[in-house]
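Please read all numbers here as calculations on a predicted model, not as lab measurements. Within every chain, numbering begins at 1; the chains are lettered A, B, ... in the order of the sequence lines, protein sequences first and strands thereafter.
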Amino acid sequence: MDYSIRIGGEAGQGIQTIGDTLAHIFAEAGYYVFTSQDYESRIRGGHNSFYIRISDKPKEAMKARLEILLALDKDSITLHGPELSENGQILYDPSLFKQTLEGPRVLSIPFLDLALKHGGSKIMMNSVAIGSIVGMLKMQPEPMIETIQKTFGKKDTEVLEANVKCAKLGYEFALKECLKCSFSVSQVLKPNTLISGNEAIGIGACASGLKFYSGYPMTPSTGIFNFIAEYARDLGIVVEQAEDEISAINMIIGASFAGVRAMTATSGGGFCLMVEGLSLAAMTETPLVVVLAQRPGPATGLPTRTEAAELLFATFAGHGEFPRVIFAPGSPKQALYLTNKAFDLSEKYQILVLILTDQYLADSQWTYDSLDMERLKYVDYRLRGKNFRNILSYNRHSFTESGVSPLGVPGDAHHLIVTDSDEHDEEGHITEDPQIRTRMVEKRLFKKIPYIKREISPPIFFGENPPDTLVVCWGSMYGVVKEVVEELKQDLKLGMLHFSEIYPFPEEDGYLRYFEKAKKVVGVEQNALSQFEKLLGMEKGISFDARINKFDGRPFTVEELKERLIAVAK
Amino acid sequence: MDYSIRIGGEAGQGIQTIGDTLAHIFAEAGYYVFTSQDYESRIRGGHNSFYIRISDKPKEAMKARLEILLALDKDSITLHGPELSENGQILYDPSLFKQTLEGPRVLSIPFLDLALKHGGSKIMMNSVAIGSIVGMLKMQPEPMIETIQKTFGKKDTEVLEANVKCAKLGYEFALKECLKCSFSVSQVLKPNTLISGNEAIGIGACASGLKFYSGYPMTPSTGIFNFIAEYARDLGIVVEQAEDEISAINMIIGASFAGVRAMTATSGGGFCLMVEGLSLAAMTETPLVVVLAQRPGPATGLPTRTEAAELLFATFAGHGEFPRVIFAPGSPKQALYLTNKAFDLSEKYQILVLILTDQYLADSQWTYDSLDMERLKYVDYRLRGKNFRNILSYNRHSFTESGVSPLGVPGDAHHLIVTDSDEHDEEGHITEDPQIRTRMVEKRLFKKIPYIKREISPPIFFGENPPDTLVVCWGSMYGVVKEVVEELKQDLKLGMLHFSEIYPFPEEDGYLRYFEKAKKVVGVEQNALSQFEKLLGMEKGISFDARINKFDGRPFTVEELKERLIAVAK
Amino acid sequence: MLSLNDFIGRQPAWCPGCGNFSILNAFREVMVELQIAPHEIVIVSGIGQAGKFPHYTRCNTFNGLHGRTLPVATGIKLANHHLKVFAVAGDGDCYGEGGNHLIHAIRRNPDIKLFVHNNQVYGLTKGQASPTTMRGVKTKNQPFGTVSEPLNPLALAIALDCSFVARGFAGDPEHLKMVMKEAIKHKGFSLIDILQPCVTYNKFNTYKWYRERVYHLEINYDPRDRIGAFGKALEWGEKIPIGILYKHEKTTLEEQFPIIKGEPLAEQKVDMDKIREIFSKILVKEK
Amino acid sequence: MLSLNDFIGRQPAWCPGCGNFSILNAFREVMVELQIAPHEIVIVSGIGQAGKFPHYTRCNTFNGLHGRTLPVATGIKLANHHLKVFAVAGDGDCYGEGGNHLIHAIRRNPDIKLFVHNNQVYGLTKGQASPTTMRGVKTKNQPFGTVSEPLNPLALAIALDCSFVARGFAGDPEHLKMVMKEAIKHKGFSLIDILQPCVTYNKFNTYKWYRERVYHLEINYDPRDRIGAFGKALEWGEKIPIGILYKHEKTTLEEQFPIIKGEPLAEQKVDMDKIREIFSKILVKEK
Ligand SMILES: Cc1ncc(C[n+]2csc(CCOP(=O)(O)OP(=O)(O)O)c2C)c(N)n1
Ligand SMILES: Cc1ncc(C[n+]2csc(CCOP(=O)(O)OP(=O)(O)O)c2C)c(N)n1
Ligand code: SF4
Ligand code: SF4
Ligand SMILES: [Mg+2]
Ligand SMILES: [Mg+2]
């Protein structure tokens, strides 16, 4: 069982609500779900769509071929009609747009009419549509009702009742009318968790003891801001929207200096404005976690679409030389644990950790059967309270074996915490001394980096070993590459290496043997310039034999990547 | 003949005036001169010094060993006394600081006393000191008098006369007293030009038709701003100090869009703030020249000192992917011609060109026997006036074979110039279309880059061919590496490659054979991470066998580099 | 004769009912009434709903970055002061991200007309508080309610002695046209803060809310009295004045550069002979 | 008992005669008189001559970037509102590079004391015009003279309804100390613009120039009248008022976050059990 559903319509029609609710229903019912969003930079009109994949086995990528297309506007049919599979069904309400479709692959349901008659408002149409899809799949109605109840639970019961009623109507209508629907879902039992990339980062941050968030809205990072703001009261997090990204980064630096874990998230344009701040954090050895949610550039580019073209920028961003760690999770699960690791490393080594995502991962939802919360680590590396008061003397930037100096909390003791964006001495005061300068560079850079490299996990290998063709990818390419490799691995002797802990490269370099063993190395990147390949070339002297790039702002589908991979691997 | 002179004292004592005047005197007298400055980030006090090298052959680097030390403060003696050569002389006025020096290597002249008595003011001391050094060198007094006349020509004649008088007194005093001075200068005839890195960039820009400059002061780039402002009235250049660097970059983008050549210059921290603007210029295909004058970071670092640690940042700065050209001149002469080339390429291909310098080059002065002004190129690539009015239809971003679309001047015709930081169609309007997006990326990136690569000159080779040891350097390392290679080339079979047109690497890659032929490749860089080596590794798969780095903020002296090079080359 | 047809651009991507439509229409009508041709105009805009404005009419267009309209517009004006330069921005754009440029553009006083589409919310990014959002308003990103004092752009501009300071309302297009025309006729930096209902995200400051409060400045109101204007600018709440609050002429930025007193910079020829002559003094030594 | 000795830091690198010295001394004396200990204070400064300030006394110090003092200070205050947070900046720093942060810090109203060492020039970078440089002043970088209207920081702050707005003069240290003490006692964002002669680069606004103009606000001056204060703030030229121009209490930023009503954020324990409990609702499904 492996069905793909696409819900298309104008911005403002509720596409996202329908998609999100369906995804939760499916997860609740015990299926594995994968969703992805496609939207324009506008609030009403245009054309958006929401993709859902549902299966009894984990699926972590998008297919081009659709089983169900819920069309709320004409464009859905023009754009996505051709993607319908042989047994696919278009679901629509003819009254919504002046077009009547004929044929066995069409199911027409009067969403609007049912909503107005039985729900009392136009917006209930969405519940009818949700019910219809659940009905088409011949699923049990209970998870649907439960999920709707959860979603509308906070609103008044009348609205809730009406929605449930509308969903049921849609459900029954579809069950009855869609005799030609050949869908049948396997019986599964245990409900799954459903989380998006942005939510995973949000949870990861909150569960790492985040206490201060400052940000400036920017798609596709805003979801993180929203998530953290939602939990701010319960978890005691101060969230403050900044006047610009420069302020955001400097505020979190201030907060981190004052003794709390702090974070910001942004996208390319905003990240540009934060770059001077990164360098400031490095010089003052202030722990800092920054999320860069990539989207297609240059400049404003395609602000709601996806690309991963800021890896090299992120790796070298900031004036002067300083250490940094770069993570690029490949899934919400990785995002959760890597965000936690980001906070840990950042405070342990008093360095900057960047988390790179992109619109595709940020807005995608994946299911898991439970995520292990015990894996989330919290160690407070700061010198606080009594521990701080009891030491005899203190220098914020004292030279140590590991390059890491004790990180005191200002005000907790009579010791003063002094730090400076200028080169400074151990106490933190401005210095012009060439020897101290040299030692400080060594401390920040050469001493810390070897320790940090030991903390970095090697890439994940998957597939045939040794592989004929090794597919190398990073970040959000994980799911789609894995699915394609899984499918083709036996025929083509494929293996894949996925990097999520990108920089610095890990001390343990056993993974290099895959490059040696493979006859052909192929890079898959969502950018034009093969940035990860360049980085690997720079750091490890490795170059690839072929590469697959995509830079039109749309994520790879399984089919597209498969076709392109066969073409180069053969 | 090859003498090194250092003038040391507190900030505010006039060190720079003395040094600069002497350098001009020597150049006027027909010698080759090289100067370099060492100063702190303060206006009064502390310790600064000005280094001058004078020879009858071109010398383009600094030596540690000194022939004359003019000490205006005690620190000069503590810090630079040990650098005095065997026949070296310390020149000082005992009344200036409570210390009397004895011995044959000391010349004491009552600067202050002579100045007060014969010049009438304390500040005339500097003229006495200037005269003393000219006298110690047993040079003819005429170039000195001429230069002082030029310098003070604008002030009232009384001041001028007094300064000349003081200089003559110092001159005669030294001639008479410094019997032990064993200096003697060769007779040379033709006067030389003396220009600094910053001046060369200023001239290069003005001579490329610069019409608009906006900047925000930041050491060591401010000299460029000063220079351009000085010529603004004569050359018809609008200069406007911006409220911040973000404004500066956006103002010049506006001016360039409106049809004039525009530039800004900054240093690392300011450059960080401009990075989003670089991406904007790229997306809108607005020609742009930006100077990044490097200094030691991270953050404020050592704001008045030197380092070249922003190469990788500059190469990948900005969100999204776009072409850029990076130049890093190795001398004022290269700076002059490369600045001119920067403007030409930038407008021809409608791209960003970055010029990287550092404090060392920015503030150093070199002499040349005349620079060829005919080599300076000015071609107006814009579609203006009648030419613009006469075309039938116009699209700012039309697809063309070369990727370059016609660059019209707004207002010159009825055709509208539309451009956008969002991805756009040929007309310049926002688009979300994946095909147009892909073609636009190809236009901006893949079509233009091959043409640009053809314009890039290969690195300069110097030394023994084939070399046993190849020394690779870039930017301001040129002079010091060249001198050391010159000295050692026969003993060690040394060759050097110097890159000034850094990125992209040139199409013509004959220079790669030097890497193949050499037994050992050594990189010399004024940074900790060997950034150029990394870039070469990324782009050409080349790695070095050894590397010499310096990151204490002070430039290499000939002696230091020689010693370190011998150690690795052997 | 120019007609409205000369100002029809791309199809707007704004929500039906958005206040931006009437600002767009007012602008087009003003251009026709003043007979200013599309190619004489440059509109510089940022990112946000307001930032899309120039695409929906016809003009030279520089749609740049979020927050950076004014420096780009200033660069354009200095390079070619014959162009009629407009800057169109959102309240987030101009008062948030671009706040510093606003202050300094006012100080410089280039002859630029700035329209701020002030919907008191971040529209394009889906409803966060903007600098003009009223205190206490809760959004997804302001879970404790908006904690900052709303920015009063008119008081700010008057404090900076802005040459022309006005407020318009998208729901009163005739008045808005009058204000636009006066701003265009005025020489010097002109700020029009335009109350612009956002029907999707601002459920508080609706058409109705504004209509109940907005009133035209009294006939005998004197826009030359700075302290009086400041007092008037502080009025916000039960009654909100619209019209020209403060106005006085002063030398513009571009008038202060003697080299562009006449021909615009963009039309001045590059004289390589003169350049060579000047720099030969430095670069070439007589042999 | 704290004494002046507790506030002796590194050797200042300022020019002899610089106005910064007396500001530094005033600050030290105020700390002793109010018995505020070095470790209770955080001074956040930027880059410039003024930015070196905290090194020359003893305190917790964050000497950050040029222009960015206020966001850092705000972050610190929100993370630990028990600390006494000062921001020390130059006029270029605070009104130029950092102008946007000033506007929005005033709107937020954290209980931060901001000292702007206003020498009407860029000191550390050698004499360029700053936002407060007077019109017409020529420098190397302003070859046509300063073309912009000087920024009036007090009028600006009053327009933004800043909680405490004052002007001091480095040449009148007793008065300056009084103003500093009042600012410290006041709850809310406090701006003290301090006239600070730069003996090296500002040959126009000298000690003498200031002395001839500066006068103490009249005894009956009412700092609670906003419009009156605005009028007073416009006085600049023949007479320059110093003292507390505008003052009123309002809720501070930090008071508006209920979660830090009590313990500062920096002292609140991270409760992993609670966190796990909350997120297990999302992450863990009953089997
Ligand atoms: C540097 C940067 N930061 C953030 C964004 C994201 N962004 C786009 S529009 C916008 C705010 C829109 O609000 P406003 O300026 O008031 O315009 P409106 O949409 O309300 O007209 C933001 C934050 C961006 N494009 N660039
Ligand atoms: C981003 C950035 N731009 C520019 C500079 C260079 N810079 C250092 S201090 C300064 C101005 C100093 O003027 P002001 O703030 O008035 O302080 P003052 O020295 O007069 O006290 C500038 C422009 C910098 N350090 N960082
Ligand atoms: S979101 Fe608001 S401002 Fe944006 S188009 Fe819709 S109504 Fe207008
Ligand atoms: S340059 Fe001016 S501000 Fe700076 S220390 Fe000297 S006198 Fe003071
Ligand atoms: Mg808005
Ligand atoms: Mg200053």
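Each of B/Gly268, B/Ser421, B/Gly537 has some count of heavy-atom pairs under 4.5 Å with chain A, and the biggest count is that of B/Ser421. Of the residues considered (B/Met440, B/Lys550, B/Arg437), B/Arg437 shows the highest number of contacts with chain A, using heavy-atom pairs under 4.5 Å. Among A/Gly277, A/Gly46, A/Ser543, A/Ala528, the residue making the largest number of heavy-atom pairs under 4.5 Å with chain B is A/Ala528. Note: A/Pro298 leads A/Ala317, A/Pro298, A/Gly269, A/Ala282 in heavy-atom pairs under 4.5 Å with chain B. Among B/Ser41, B/Gly320, B/Ala299, B/Gly297, the residue with the largest count of heavy-atom pairs under 4.5 Å with chain A is B/Ala299. Most heavy-atom pairs under 4.5 Å with chain B: of the set A/Gly270, A/Ala309, A/Pro434, A/Pro303, this distinction falls to A/Pro434. With chain A as partner, the option from B/Val275, B/Leu302, B/Leu529, B/Leu280 having the largest number of non-hydrogen pairs under 4.5 angstrom is B/Leu529.
Residue A/Glu310 touches chain B through its side chain alone, counting heavy-atom pairs closer than 4.5 Å. For a residue to count as touching a neighbouring chain, one of its non-hydrogen atoms must lie under 4.5 Å from one of that chain's; by this rule A/Ser267 does not touch chain B. Residue contact with chain A, scored on non-hydrogen atoms closer than 4.5 Å, involves the backbone and the side chain of B/Leu312 alike. If you measure heavy-atom distances from A/Ile246 to chain B, the contacts under 4.5 Å come from the side chain alone. In this structure, the portion of B/Glu307 lying under 4.5 Å from any heavy atom of chain A is its side chain and not its backbone. When heavy atoms are compared at a cutoff of 4.5 Å, A/Thr438 approaches chain B by way of both its backbone and its side chain. The contact between A/Asn527 and chain B is made by backbone and side chain atoms together, counting heavy-atom distances below 4.5 Å. In this structure, no portion of B/Arg439 lies under 4.5 Å from any heavy atom of chain A. Interface residue A/Pro296: backbone and side-chain heavy atoms are both found under 4.5 Å from chain B.
Side-chain contact, A/Ser247 with A/Asp244: no donor N or O sits under 3.5 Å from an acceptor N or O.
Less than 6.0 angstrom separates the ring centroid of A/His80 from the ring centroid of A/His47. Side-chain rings of B/Phe313 and B/Phe271 approach one another, their centers coming within less than 6.0 Å.
Ion pairing of A/Arg305 with B/Glu423 is absent here, as no side-chain N (NZ or NE/NH1/NH2) approaches a carboxylate O to less than 4.0 Å. Ion pairing of A/Arg547 with A/Glu533 is present here, as a side-chain N (NZ or NE/NH1/NH2) and a carboxylate O approach within less than 4.0 Å. Under 4.0 Å is where a charged nitrogen must lie from a carboxylate oxygen, and between A/Glu285 and A/Arg444 no such pair does. A salt bridge does not link A/Lys534 with A/Glu539: every distance from a Lys NZ or Arg NE/NH1/NH2 to an Asp or Glu carboxylate oxygen is 4.0 Å or more.
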If you apply the rule side chain to side chain contact (heavy atoms under 4.5 Å, CB included), what do you find for B/Ile542 with B/Leu512, and how did you get there?
CA-CA 9 Å; B/Ile542 289 171; B/Leu512 292 176; 3.5 Å; yes
Show your working on side chain to side chain contact (heavy atoms under 4.5 Å, CB included) between B/Leu356 and B/Leu311 and close with a plain yes or no.
CA-CA 8 Å; B/Leu356 264 63; B/Leu311 175 60; 4.1 Å; yes
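Listed by first and then second residue, the side-chain hydrogen bond (donor to acceptor under 3.5 Å, both in side chains) pairs that reach into residues 311-325 of chain A are A/Ser279-A/His319, A/Glu321-B/Gln531, sequence neighbours excluded.
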